[in-house]
Amino acid sequence: MNLVPQPDAVDGSVVDFGVLSSWMDEQGLPGGPFADVAPLSGGTQNVMLSFRRGGRSYVLRRPPVHLRRKSNDALVREMRVLAALADTPVPAPAYIAGCADPAPLGGAVFYLMELVDGFNPSVALPSPHRDDPAVRHAMGLNAAAAIAALGAVDHAAVGLGDIGHPDGFLERQVRRWLSELETYAELPGYPGPDIPGVDRVADWLERNRPTAWRPGLMHGDFHMANIMFRHDGPEVAAIIDWEMTTVGDPLLDLGWMLATRPDPDDGTIARTSPLAAAGGFPSRTELVRAYGAASDRDLSSATWYEVLACFKLGIVLEGSNARAAAGKAPREIGDRLHAHTLNLFDRALSLI
């Protein structure tokens with residue numbers, strides 16, 4: 001997590017430190033004045049602050065300043081997930097305490113977690129990661145093993161059996177995202193999706209859908225920008241941003257990782273990261289093998305999950321293009337993300 005200037009979050013207009021102080025006291029956490037308050041950026045619009053109090057370091061996370069309809073629900077889900085993962089092998093930020101009642105903080109829920117001692121490879125590569133391709137190679141293998149560990153968690157045993165709807169999960173995917181694409185036509189100025197291959201990819205996914213799979217926990221947005229690595233080596237310090245976690249098919253997380261694999265030659269968003277520029281990241285075959293070494297799941301349909309990830313992510317990104325056409329997002333962002341959508345569908349077509 002890297003520091004960024006967010007003065008509103010520090011000056012008390014977003015986080016009322018008086019309220020926070022009283023709430024922390026009620027939780028039995030160490031008291032005293034707040035020190036070293038600093039905003040953090042973690043790849044989302046959620047507000048995050050690091051601070052010290054009573055000799056202990058914390059990170060506070062709350063929804064965006066301008067709350068969306070489900071902002072609080074997403075953070076409550078994230079609290080539950082982090083608390084449930086505390087005693088599992090999954091590398092995740094250590095949950096301390098949370099407030100699922102939006103009233104104390106002016107309408108926003110919030111929680112406290114430990115500060116992760118690590119770095120985000122989508123922002124910068126420190127040494128030795130920058131200097132040693134073997135370290136970068138190991139980073140990718142460790143990331144695959146980390147997400148496999150999540151898929152191995154017994155979601156019912158850790159109290160997360162009710163956070164998703166696994167029945168028919170794979171059967172819903174293509175229809176769900178084609179419907180999402182159709183809704184963009186409601187935005188004024190958007191002429192409709194100009195994405196060659198949508199119907200062909202959708203048809204292939206439906207005809208080749210795996211007939212057997214096992215429900216489990218999935219992160220929902222697993223790519224290198226949502227992973228923090230240790231400063232001293234290639235080990236995963238923590239997977240972050242758990243708002244989209246659900247009980248579904250964990251192999252879609254593997255597909256998402258393959259679809260967003262840092263590669264300077266693939267033309268997608270991932271090529272712009274420092275990790276892609278440095279090179280040395282494992283091949284798709286190596287990533288699947290690393291996942292398989294840490295999982296007992298059937299990986300014979302790994303390509304299908306990568307194609308589904310390309311399909312879903314491409315449609316998600318096209319939403320920004322549609323909003324840009326309606327004047328609700330900058331035109332340059334819409335153009336850039338539309339180009340990424342085209343590249344993702346090109347990749348899906350090449351895979352099928």
Side-chain angles (χ1 to χ4, degrees), residues 2 4-9 13-14 39-48 61-78 102 106-109 120 122-123 172-199 201-202 219-223 225-226 240-246 256 259-260 267-273 308-348:
N2 58 305
V4 296
Q6 292 179 332
D8 287 347
S13 61
V14 174
L40 296 174
S41 169
T44 74
Q45 295 182 352
N46 290 309
V47 173
M48 291 197 296
R61 185 162 159 94
R62 57 145 287 172
V65 176
H66 302 291
L67 291 172
R68 299 170 184 170
R69 185 168 57 92
K70 295 186 177 181
S71 292
N72 282 330
D73 292 342
L75 258 290
V76 170
R77 173 182 296 237
E78 187 166 280
V109 301
N120 188 318
S122 69
V123 177
R172 292 195 300 269
Q173 294 302 304
V174 171
R175 295 193 303 273
R176 158 75 177 85
W177 293 103
L178 285 178
S179 296
E180 178 73 10
L181 186 61
E182 291 173 359
T183 66
Y184 300 160
E186 300 170 5
L187 292 166
Y190 180 60
D194 181 14
I195 310 172
V198 169
D199 292 338
V201 173
H219 180 272
D221 192 20
F222 188 73
H223 52 80
N226 279 339
I240 58 175
D241 287 356
W242 292 86
E243 297 169 82
M244 298 176 68
T245 302
T246 191
W256 209 265
T260 59
T268 62
I269 291 175
R271 76 173 176 184
T272 62
S273 74
L308 177 59
C310 291
F311 179 82
K312 176 179 175 180
L313 181 56
I315 290 175
V316 169
L317 296 180
E318 181 65 9
S320 293
N321 181 40
R323 287 187 289 275
K328 297 183 178 181
R331 182 65 269 171
E332 59 272 20
I333 291 178
D335 290 341
R336 177 166 56 87
L337 295 184
H338 178 66
H340 292 318
T341 292
L342 297 182
N343 283 319
L344 284 163
F345 273 90
D346 282 345
R347 177 185 293 181

> For Arg331, which residues count as a side-chain hydrogen bond (donor to acceptor under 3.5 Å, both in side chains) partner, sequence neighbours excluded?
Replying inline: Asn321, Asp335
> Who passes side-chain hydrogen bond (donor to acceptor under 3.5 Å, both in side chains) against Arg323, sequence neighbours left out?
Replying inline: Ser320
Can you measure from [atom1] ([X]) to [atom2] ([Y]) and round to the nearest 0.5 angstrom?
{"X": "Asp221", "Y": "Leu313", "atom1": "CG", "atom2": "CG", "answer": "8.0 Å"}
{"X": "Arg176", "Y": "Ile315", "atom1": "CZ", "atom2": "CD1", "answer": "9.5 Å"}
{"X": "Phe222", "Y": "Trp256", "atom1": "CZ", "atom2": "CH2", "answer": "13.0 Å"}
{"X": "Ser71", "Y": "Arg62", "atom1": "OG", "atom2": "CZ", "answer": "9.0 Å"}
{"X": "Leu337", "Y": "Leu342", "atom1": "CG", "atom2": "CG", "answer": "11.0 Å"}
{"X": "Ile333", "Y": "Leu317", "atom1": "CD1", "atom2": "CG", "answer": "12.0 Å"}

>> Go through it in stages, so that I can follow the logic: the residues are Leu178 and Phe311, the test is side-chain contact (heavy atoms from CB on, under 4.5 Å), and I'd like the CA-CA distance, side-chain angles, deciding distance and then a yes or no.
In response: CA-CA 9 Å; Leu178 285 178; Phe311 179 82; 3.8 Å; yes
> Got a sec, which residues hit salt bridge (charged side-chain N to carboxylate O under 4.0 Å, His left out) with Glu182, two or more places apart in sequence or on another chain?
Replying inline: none
> Who are the salt bridge (charged side-chain N to carboxylate O under 4.0 Å, His left out) partners of Glu318, not counting sequence neighbours?
Replying inline: none
> Can you name the residues that form a side-chain contact (heavy atoms from CB on, under 4.5 Å) with Ala74, not counting sequence neighbours?
Replying inline: Glu243
> Salt bridge check: are Glu180 and Lys312 linked by an N-O gap of less than 4.0 Å?
Replying inline: no
Locate the shortest heavy-atom distance separating [X] from [Y]; write the atom from each residue and the value.
{"X": "Val201", "Y": "Phe345", "value": "CG2-CD2, 4.0 Å"}
{"X": "Asn72", "Y": "Gly107", "value": "ND2-O, 2.9 Å"}
{"X": "Pro193", "Y": "Leu181", "value": "CB-CD1, 3.9 Å"}
{"X": "Cys310", "Y": "Arg347", "value": "SG-CD, 3.7 Å"}
{"X": "Thr341", "Y": "Gly314", "value": "OG1-O, 2.8 Å"}
{"X": "His338", "Y": "Asp194", "value": "CE1-O, 3.4 Å"}

>> Tell me every residue that passes ring pair (Phe, Tyr, Trp, His ring centres under 6.0 Å) with Trp242, counting only those two or more places apart in sequence or in another chain.
In response: His219
Do [X] and [Y] make a side-chain contact, defined as non-hydrogen atoms from C-beta onward lying under 4.5 Å apart?
{"X": "Val47", "Y": "Arg61", "answer": "no"}
{"X": "Val198", "Y": "Trp177", "answer": "no"}
{"X": "Pro63", "Y": "Val109", "answer": "yes"}

> Does Ser179 use its side chain to pair, donor to acceptor, with the backbone of Arg175 at less than 3.5 Å?
Replying inline: yes
>> Show, in sequence, the C-alpha distance, side-chain angles and deciding distance for Gln173 and Leu308, and conclude whether the side-chain contact (heavy atoms from CB on, under 4.5 Å) test is met.
In response: CA-CA 8 Å; Gln173 294 302 304; Leu308 177 59; 3.9 Å; yes
